[in-house]
Amino acid sequence: MSQLTRQRLFISLVALLNLFLAAVLVLNHHDGLPLAVIGIVLLPLAWLTGRQPSVSALPLTETDNHAA
């Protein structure tokens, strides 16, 4: 199993655990909304992991390659 697949599975697992915990908290009359929001935001992030855009949004210049 590649590292990319493991990263995606791990992020998906954390997102699903957040959603599950949020559901349990809401059912017990506690505030689980922040955990639900985090879980929902993590799901698309799992599928974007490892994707590299073919063209950078910002052009590189010679000064970008040197540390300040």
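Values reported hereafter were calculated over all heavy atoms of this structure, with side chains retained and with hydrogens, waters and symmetry mates removed. Note that the numbering runs from 1 along the sequence shown for the chain.
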What are the two closest non-hydrogen atoms of L35 and N18, and how far apart are they? O-CB, 3.6 Å
In Å, rounded to the nearest 0.5 Å, how long is the span from CG of L13 to CG of L42? 11.0 Å
Reported CG-to-CG distance for the pair L48 and L43, which is rounded to 0.5 angstrom: 11.0 Å
Nearest 0.5 Å, please: how far is CG in L33 from CD1 in I38? 10.0 Å
Might you point out which heavy atoms bring A15 and G39 nearest each other, and give the distance in Å? CB-O, 3.5 Å
Heavy-atom nearest pair, M1 first then R6, reads O-NH1, 2.9 Å
Transitively linked via ILVMFWY side-chain contacts under 4.5 Å: L9 with L16? no
Stepwise side-chain contact (heavy atoms from CB on, under 4.5 Å) check, L19 with I40: CA-CA 7 Å; L19 290 172; I40 290 169; 3.9 Å; yes
Looking only at heavy atoms, which two atoms of A22 and G32 are closest? And how far apart? CB-O, 3.2 Å
